[in-house]
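Below is one structure. I have some questions about it.
All of these numbers come straight from a predicted model, not from anything done at the bench. Counting starts at 1 for both ligands and their atoms, following the listed order. All values below come from the heavy atoms of this structure, side chains included, with hydrogens, waters and symmetry mates left out.
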Amino acid sequence: MTNTPGQKTVFNLNPYLELNNHGKVMRLELTGSRHVFGRDRGSGADLLVPSDWQIIGRAHAVLTKVGSEYHIYDGDGQRPSTNGLFIDRTRITPKEGFLLRDGTQIRIGQNPKDQILLTYINPASAGAPPTVRSLTLAGRSVVLGRDPACNLQLDAPIVSRRHAVIDNYTITDYSTNGVFVNDQRVKTSQRLTDGATIRIGPFTLLLRGDELQVLDRGSQIRLDAEGLVREVWVYEEINKKKVKVLKGLLKQVTLAIEPGQFVALVGGSGTGKSTLMRTLLGIDPTDKGRVYINGDDLRTTFNIYRTQIGYVPQDDIIHDQLTVREVLTYAAKLRLPPDTDVESVVEKTLTEIEMGDRETVLVSKLSGGQRKRVSIGVELLADPKLFFLDEPTSGLDPGLDKKMMQLLRKLADQGRTIVLVTHATANIKLCDRVVFMGRGGHPCYFGPPDEAFQFFRINSGDFADIYNELEQGEEHAAQWANIFRQSPYYRTYVDNHLSTGKGSSIAPPSQVKPSGLQQLSLLTQRYFKLVQRDQINLGLVLLTAPIGISLITLAIRDQDPLIGEPEATLAPLALRVLFVFTCAAIWIGLSTSLQEIVKEWAIYMRERLVNLGLFPYLGSKLLILGGLALLQTVLMVAAILIGFKSPQPELIPWAIGVAISTILTLFTSMSLGLLVSALVKNSSQANSSLPLLLLPQIIFAGVLFSMEGVGRVISWVMLSRWSVGAYGSLVNVNAMVPEATVLPDGSMMPLPFEPSAIYEPTWANLGLNWGMLLLHATVYLGLTLWVQKRKDIF
Ligand SMILES: Nc1ncnc2c1ncn2[C@@H]1O[C@H](COP(=O)(O)OP(=O)(O)OP(=O)(O)O)[C@@H](O)[C@H]1O
């Protein structure tokens with residue numbers, strides 16, 4: 001029977017199902033007290049659909065009459081169907097089912113390209129059938145975006161005001177966060193063919209003929225994990241021998257998390273909670289099994305979802321030296337499209353996290369719970385519908401723990417799907433589902449918190465007793481996991497809800513990269529503010545070298561080491577002074593930069609996972625550190641000019657030459673510092689590495705010891721050698737060596753310093769020294785980029 005979708009057909013006023021399979025519409029009248037809907041009469045179906053509508057099962061749903069309406073159950077009433085029945089993204093189960101009302105829309109299947117829309121219509125009821133929001137593309141150009149003036153308004157923070165334009169069936173991307181057509185990112189523009197799915201932020205649109213339909217507003221996100229297994233090779237001590245063994249971190253974890261659910265992952269220390277969360281979030285790989293987000297394989301489609309997922313890791317993802325409002329403002333500018341009204345988004349977020357009265361306070365002055373709330377606020381800016389939190393209440397007192405859990409409950413009630421790892425069980429009852437993990441990564445229970453007591457046969461009502469039950473070793477945990485898999489709890493809460501979807505047949509879509517220049521400018525402003533806020537550190541960084549240089553003048557009292565008539569001790573003295581210039585610059589350069597990447601590791605990793613560019617990030621470091629190097633150079637050169645009588649180099653005025661040599665030494669050592677900062681794991685390692693970096697620079701500079709053989713080769717990779725070389729050639733140390741004195745016996749009096757090619761006062765030599773410093777800096781920065789790139793998860 002053909003008809004216009006949504007138009008009420010009257011079958012003697014009986015309710016009916018309207019099925020829309022990509023424009024092909026059919027209606028099935030409901031007359032009996034029980035119907036089975038499917039494509040195979042042999043399986044008991046009496047409401048039959050064409051046998052080539054493969055997405056519908058042989059017996060896909062059961063309908064039973066309740067008063068004047070019908071209740072629908074998935075599958076044959078016992079076992080769920082393969083492709084399911086979904087209201088938004090929530091799956092209807094075989095057990096609870098769903099009471100249909102006039103106009104209820106149910107989707108069969110999760111993949112928009114292969115999905116049938118089922119609408120229940122009861123002409124006897126007053127409701128008007130909902131229509132799918134759509135617009136025609138025939139003969140017109142349409143603008144899609146957040147702006148209400150667009151032809152199709154897509155209202156979400158991560159959508160740009162004018163996000164994309166479709167003209168003559170060609171879509172052009174004008175956005176920050178990109179457009180995906182058939183799960184591939186649109187580079188600039190792309191022709192749309194019939195049946196194309198378009199994803200813009202959380203929205204999924206479908207082109208059917210001339211009609212562009214809004215299929216999914218993305219306000220509901222479900223997460224399904226099927227058979228997750230993760231194993232790693234580790235060294236274990238067995239019989240006093242280190243043996244390499246395969247350690248299971250996750251063992252066959254299968255979960256079905258419905259939209260809007262608040263789920264806690266709990267269990268003893270080391271049971272794999274964080275690993276499970278990172279796997280569900282898509283950032284840890286699996287050896288077997290998959291995670292599906294709204295039916296898509298999360299690992300392959302991560303680039304589509306990356307801006308829609310919120311993640312608060314264990315470490316704070318906010319800078320200590322910014323105020324609450326500044327943290328939120330910079331994060332909003334970094335993550336949201338540039339046409340966003342940042343102020344109102346920040347305002348809304350401050351209210352949501354109840355921090356409006358603390359907005360001007362520095363993060364460092366906040367309590368642990370308040371800091372966590374600001375981290376949550378940073379993630380809420382983009383209004384994600386899927387939210388992960390790793391131990392957000394650790395270290396909080398019981399009162400704050402409760403407040404935090406209540407806040408998360410509120411966020412879930414607003415439609416967000418929330419997954420958290422926690423050790424605190426006092427408020428777990430606020431969750432919809434709890435996952436108990438046992439030793440060895442065994443999932444021992446998944447279901448409502450209250451029912452966990454019945455399952456584990458614990459009467460105390462204390463979750464800690466379930467912990468203790470699962471702490472009795474891996475085998476014990478494996479037994480519980482086995483009991484759970486065979487239990488009705490598994491059928492009710494996992495099997496009946498599990499909705500896996502598309503595998504990884506598509507090529508992973510590429511990432512959308514926002515404007516590098518804009519990020520560079522934002523990151524530079526933020527970094528500048530951070531440096532400026534830490535005034536004591538800034539003062540130390542700027543004044544240490546000039547003070548050190550001034551102290552030399554006290555040590556050498558009346559001598560003028562950089563000028564003077566050649567005499568036996570002048571050249572070594574001059575070289576020692578120049579060596580102090582070099583050491584001061586290297587020391588200051590390293591200590592200014594060694595912490596700069598490692599100290600904000602957690603923030604970097606989180607921002608990188610959203611959209612942070614590597615070049616803008618390192619670029620901002622270079623700009624600010626370069627600025628600091630310039631200031632330090634001015635102060636050091638001033639101290640040198642004031643403290644020492646200036647030589648008159650033939651090549652270049654002394655002040656300019658010494659400034660260039662100093663800034664190059666500082667910049668190169670800062671680049672080395674950044675590299676080490678990228679390599680080390682924590683701030684104390686960065687601190688401890690300073691002597692190790694400095695000592696070889698001192699030993700192999702060629703000043704304390706003359707460099708021969710291997711030492712000479714090693715000295716080439718020391719920036720100190722080129723720095724002293726540059727200063728030495730400007731001062732012309734070689735010219736300070738007097739003529740060798742011939743002793744009465746005809747032998748030569750040994751001189752304490754031999755002229756060396758390293759200090760030749762020629763442009764070639766000076767250029768070589770400066771060039772080598774630049775080369776060192778380039779190599780260090782290139783390596784830093786590479787090291788940072790290697791940390792990327794996607
Ligand atoms: N990449 C890895 N390589 C080797 N072992 C790992 C790796 N990741 C995690 N582990 C180990 O797997 C186990 C589970 O770690 P995980 O951090 O997931 O546990 P957890 O339950 O979150 O612990 P906690 O509550 O103490 O934070 C631990 O023993 C951990 O040392």
Name the closest protein heavy atom to atom 3 (N) of ligand 1, giving the residue it belongs to and the distance to 0.1 Å.
V232 CG2, 3.7 Å
Locate the shortest heavy-atom distance separating T271 from E471; write the atom from each residue and the value.
CG2-OE2, 4.5 Å
Which atoms from ligand 1 have a heavy atom of V234 less than 4.0 Å away?
4 (C)
Please confirm whether G267 approaches ligand 1 to less than 4.0 Å, judged on its heavy atoms.
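The answer is no, since G267 has no heavy atom less than 4.0 Å from ligand 1.
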Taking the basic N atoms (NZ, or NE/NH1/NH2) and the acidic carboxylate oxygens, is any pair closer than 4.0 Å for R199 and D296?
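Judged by the 4.0 Å cut-off on N to carboxylate O distance, R199 and D296 do form a salt bridge.
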Please verify the inter-ring angle class for F436 with Y467; under 30° counts as parallel, over 60° as perpendicular, anything in between as tilted.
perpendicular
Tell me which protein heavy atom sits closest to atom 31 (O) of ligand 1, plus the residue, atom name and distance to 0.1 Å.
K247 NZ, 4.8 Å
The protein heavy atom nearest to atom 21 (O) of ligand 1 is K273 NZ, 2.8 Å
Would you mind running through ligand 1 and noting each atom that sits below 4.0 Å from a heavy atom of G272?
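Per the distance check, 14 (C), 16 (P), 18 (O), 19 (O), 20 (P), 21 (O).
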What protein heavy atom sits nearest atom 8 (N) of ligand 1, and how far away is it?
L249 CD1, 3.7 Å
Subset of ligand 1 atoms that lie under 4.0 Å from at least one heavy atom of E391:
25 (O), 27 (O)
Matching residue for W480 among F455, Y489, Y490 - test: ring pair (Phe, Tyr, Trp, His ring centres under 6.0 Å)
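That would be F455; it is the only one of F455, Y489, Y490 passing the ring pair (Phe, Tyr, Trp, His ring centres under 6.0 Å) with W480.
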Do me a favour and list the nearest non-hydrogen protein atom to atom 17 (O) of ligand 1 with residue, atom name and distance?
S274 CB, 3.7 Å
Tell me, with the steps shown, if H442 and Q479 meet side chain to side chain donor-acceptor pair (under 3.5 Å).
CA-CA 9 Å; H442 289 283; Q479 278 170 11; over 6 Å; no
May I ask you to say whether E391 pairs ionically with K273, meaning some side-chain N is under 4.0 Å from a carboxylate O?
no
Atom 13 (C) of ligand 1 sits nearest the protein heavy atom G270 O, 3.6 Å
May I ask you to say whether E600 pairs ionically with K621, meaning some side-chain N is under 4.0 Å from a carboxylate O?
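Here E600 pairs with K621 in a salt bridge, since their nearest N and O are under 4.0 Å apart.
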Looking only at protein heavy atoms, identify the closest one to atom 18 (O) of ligand 1 and say how far it is in Å.
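Protein heavy atom with the smallest distance to atom 18 (O) of ligand 1: T275 OG1, 2.5 Å.
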Should one rank G268, S269, G248 by closest heavy-atom distance to atom 24 (P) of ligand 1, which comes out on top?
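Selected option, by shortest heavy-atom distance: S269.
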When you measure from the side chain of Q519 to the backbone of N611, do you find a donor-acceptor pair of N or O atoms at a distance under 3.5 Å?
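Judged by distance alone, yes, a pair lies under 3.5 Å.
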Do L249 and D284 make a side-chain contact, defined as non-hydrogen atoms from C-beta onward lying under 4.5 Å apart?
no
Check whether any heavy atom of R278 sits under 4.0 Å from an atom of ligand 1.
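Contact absent.
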Contact with ligand 1 for M277, non-hydrogen, under 4.0 angstrom:
no
